[in-house]
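Source: prediction; values computed, not measured. As the structure lists them, so they are numbered: ligands from 1, and atoms in each ligand from 1.
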Amino acid sequence: MSGLAASIAAAKAAAARQLSIALLESDSNLGGRVRSDHTADGYTLDRGFAVFIQEYPSSQQLIDYDSLRLSQFSPGARVKLAGREELARVVDPLRGALQDWWLALSSPVGTWRDKLRLLPLIYTVLTKSIQDLFYMEEMDTLTCLKKKYHFSDEFVSSFLAPFLEGIYLTDLERQSSRMFHFVFKMFTVGSAALPAGGMQAVADQLGDKAAGLGVHIHCGKSAYSIQQKKQDGTFIVDVKCEEGISKYHAKSIVIATTQQVATELLSNNILSQSLKKPISPLSQRTVACLYYALPSPAPLMEPILILNGEGAQYRNNKPYPINNICFPSVVQKTYAPQGYELCSVSILEKAMHDYDGDYAALDRDVRRQLAVWFPDCAADVMDESVWVQKGLYVIPYAQPSHFKEEGCANVHGGRDCNMFCGISLPEGMFVCGDYVATSTLNGALESGVNAGIAAATYLTHI
Ligand SMILES: Cc1cc2nc3c(=O)[nH]c(=O)nc-3n(C[C@H](O)[C@H](O)[C@H](O)COP(=O)(O)OP(=O)(O)OC[C@H]3O[C@@H](n4cnc5c(N)ncnc54)[C@H](O)[C@@H]3O)c2cc1C
């Protein structure tokens, strides 16, 4: 997504100069971490559960929402609490009817005090700009929730932990309070949605936009080495593809990959002189997603996120792997064929570690857990011919760390795009990607725009 944003921004910024821009993608299709598979029998499986957050400033700037045909999640969440059969409701009273205030206050998730303590948090995110939220004192999110906002342990473990860990894919102790305020603002002000064509539609739209601006898109081309000619500063990119090996020559280059791939591409030649020690890799979060197809109706026909609020003992470990689930087809009908629904189950790193590749055991334990959550459908959930497993995605480089690591991804607006991990890049070379800004789609897009404009500006002045 950062590479697409960069190529669009460069093509627009240098429209009068008619630059020749090539976008090289190693995969067979565009999108990187924003990909979807469309099965022959009519299901859309995003490669990992993801939502389109409409409030992101960079998305608003670059993406045509109407043509995505978005369907929104209901605000709030449903929560499976320990010892309660019915899923409890967390309501966002700011965006519902008057009666939602009563639902919010009477919800068994959190105490009355927790609900009152939400007010200063909501006030903060509503009155501060995103930039101001990133200027606030930084601490880990658990400390922030407990010491700054004084939420009870029970409210944190039943709602805030599964919600935020489902977004940033790691413990609250390893999340930044700035990123917490940012995402809380995005969800408080705007909506989460799914596009009719799956998350891939967002990438496809940007791909079409780039192609329309004259960008030459080459999928299946993997850059494996970059050098710079001493004489005139031209970059030479060696590329592998099915047909063999080829070379691209460019006056300017933007590397729009993960930090790991950028390190590989830069360490051998470009930065070999300036590297005093090896670049330390930023930790990456892993996430997995299990999909089940089931006959309609889904056990919950409400377009809402369902969180595991049973407590730390019964979440993100073996034999209780689930962090959160959702029925994407209830949010966006196109995700399943008529008469069927799709269930998406998110499993975080800790649980995946416990299962250590034993996916049969994972599937069995997910079914057992879901059968308890939905007792009326327990037999169907356990029956592999009724709830049919449609796919399992394990994504090892899902998100870069955004807290307490050198160069971590929580810089709103992005870092300098002509520096890589604190080292200056040669003139005309730029980097982008979520690790350069924030570990979000917004971060990827904004860093891409920065790099694209910088490349176009550079080319206009040489
Ligand atoms: C399961 C999942 C759910 C997520 N959910 C959300 C969400 O709900 N909201 C949110 O804001 N963010 C979410 N994210 C994070 C968001 O998707 C990413 O931050 C963003 O897409 C990263 O984009 P990027 O361009 O920085 O990197 P990438 O998407 O990693 O793009 C890098 C590209 O470079 C290509 N590439 C790699 N090596 C080479 C090479 N040698 N030559 C050529 N090309 C190469 C890759 O194939 C890839 O296409 C989620 C991520 C995952 C994995």
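In terms of polar-atom proximity, defined here as any N/O pair under 3.5 Å, Val287 makes no such contact with ligand 1. Any N or O atom pair closer than 3.5 Å counts here, and Leu441 shares at least one such pair with ligand 1. Not a single N or O atom of Ser439, backbone or side chain, sits closer than 3.5 Å to an N or O atom of ligand 1. An N or O contact shorter than 3.5 Å is missing between Asp27 and ligand 1 by distance. Where the criterion is an N or O separation shorter than 3.5 Å, residue side chain and backbone included, Glu25 meets it with respect to ligand 1. Of the N or O atoms in Thr257, none lie within a sub-3.5 Å distance of an N or O in ligand 1.
Near Gly433, the atoms of ligand 1 lying under 4.0 angstrom from a non-hydrogen atom of the residue are 26 (O). Of all atoms in ligand 1, listed by their number and element, those nearer than 4.0 Å to a heavy atom of Ile395 are 1 (C), 53 (C). Within the listing of ligand 1, atoms 1 (C) sit less than 4.0 angstrom from a heavy atom of Arg47. Counting the atoms of ligand 1 from 1 in the order shown, those under 4.0 Å from a heavy atom of Leu24 are 43 (C), 44 (N). Which parts of ligand 1 touch Gly32 is read off a 4.0 Å heavy-atom cut-off, strictly below it: atoms 29 (O), 48 (C), 49 (O). Residue Ser2 approaches ligand 1 through these ligand atoms, each under 4.0 Å from one of its heavy atoms: 24 (P), 25 (O), 26 (O). Every atom of ligand 1 is numbered from 1 in the order shown, and the set under 4.0 Å from a heavy atom of Val34 is 17 (O), 21 (O). Distances below 4.0 Å separate heavy atoms of Ala398 from the following atoms of ligand 1: 51 (C), 53 (C).
Relative to the ring axis of Tyr291, Lys390 does not place its NZ or CZ within 45° and under 6.0 Å from the centre.
In this structure, the protein non-hydrogen atom closest to atom 14 (N) of ligand 1 is Gln399 NE2, 4.3 Å. Counting protein heavy atoms only, atom 30 (O) of ligand 1 is closest to Arg33 NE, 2.9 Å. Scanning the protein for heavy atoms near atom 5 (N) of ligand 1, the closest one is Ala50 CB, 3.4 Å. The single protein non-hydrogen atom nearest to atom 26 (O) of ligand 1 is Asp434 N, 2.8 Å, given as residue, atom name and distance. Remark: minimum distance from atom 2 (C) of ligand 1 to any protein heavy atom is reached at Phe49 O, 4.2 Å. At the shortest separation from atom 38 (N) of ligand 1 among protein heavy atoms lies Val261 CG1, 3.4 Å. Closest protein heavy atom to atom 11 (O) of ligand 1: Tyr56 OH, 2.6 Å. Nearest to atom 8 (O) of ligand 1 among the protein's heavy atoms is Val51 N, 3.1 Å.
Less than 4.0 angstrom separates atom 50 (C) of ligand 1 from none of the non-hydrogen atoms of the protein.
Salt bridge status for Asp37 with Arg47: present, with a side-chain N to carboxylate O gap under 4.0 Å. For the pair Arg78 and Glu302, the salt-bridge criterion is met [side-chain N within less than 4.0 Å of a carboxylate O]. Looking at Asp140 and Lys404, no side-chain N of the basic residue comes within less than 4.0 Å of a carboxylate O on the acidic one, giving no salt bridge. Using a 4.0 Å cut-off between charged nitrogen and carboxylate oxygen, Arg315 and Glu165 count as a salt-bridge pair.
Contacts with ligand 1 closer than 4.0 Å are made by no heavy atom of Phe52, backbone or side chain.
Taking each of Pro400, Ala288, Ala262, Ala256 in turn, the one with a heavy atom nearest to atom 33 (C) of ligand 1 proves to be Ala256. When the heavy atoms of Ala437, Ser447, Ala223, Ala444 are ranked by distance to atom 42 (N) of ligand 1, first place goes to Ala223.
Atom CD of Gln131 has more than 12 neighbouring heavy atoms from other residues, nucleotides or ligands inside a 6.0 Å radius.
In summary, the side chains of Tyr248 and Asp238 do not present any donor paired with an acceptor at a separation below 3.5 Å, with no hydrogens or angles considered. For Thr234 and Gln228, the side-chain atoms include no donor-acceptor pair closer than 3.5 Å. In summary, the side chains of Asp64 and Ser67 do present a donor paired with an acceptor at a separation below 3.5 Å, with no hydrogens or angles considered. No hydrogens or angles considered: a donor-acceptor pair under 3.5 Å links the side chains of Gln72 and Gln54. Side-chain atoms of Asp363 and Tyr292 include a donor-acceptor pair closer than 3.5 Å. Under the 3.5 Å distance criterion, with hydrogens and angles disregarded, a donor-acceptor pair is assigned to the side chains of Asn442 and Ser58.
Using a 4.0 Å cutoff on heavy atoms, Lys221 counts as a contact of ligand 1.
With Thr143 contributing its side chain and Met139 its backbone, the two residues share no donor-acceptor pair below 3.5 Å. Not a single donor-acceptor pair under 3.5 Å links the side chain of Lys350 to the backbone N or O of Pro321.
Using a 30° and 60° split on the angle between ring planes, Phe151 and Phe155 fall in the tilted class, from 30° to 60°.
When ring centroids are compared, Tyr43 and Tyr335 stay outside the 6.0 Å threshold.
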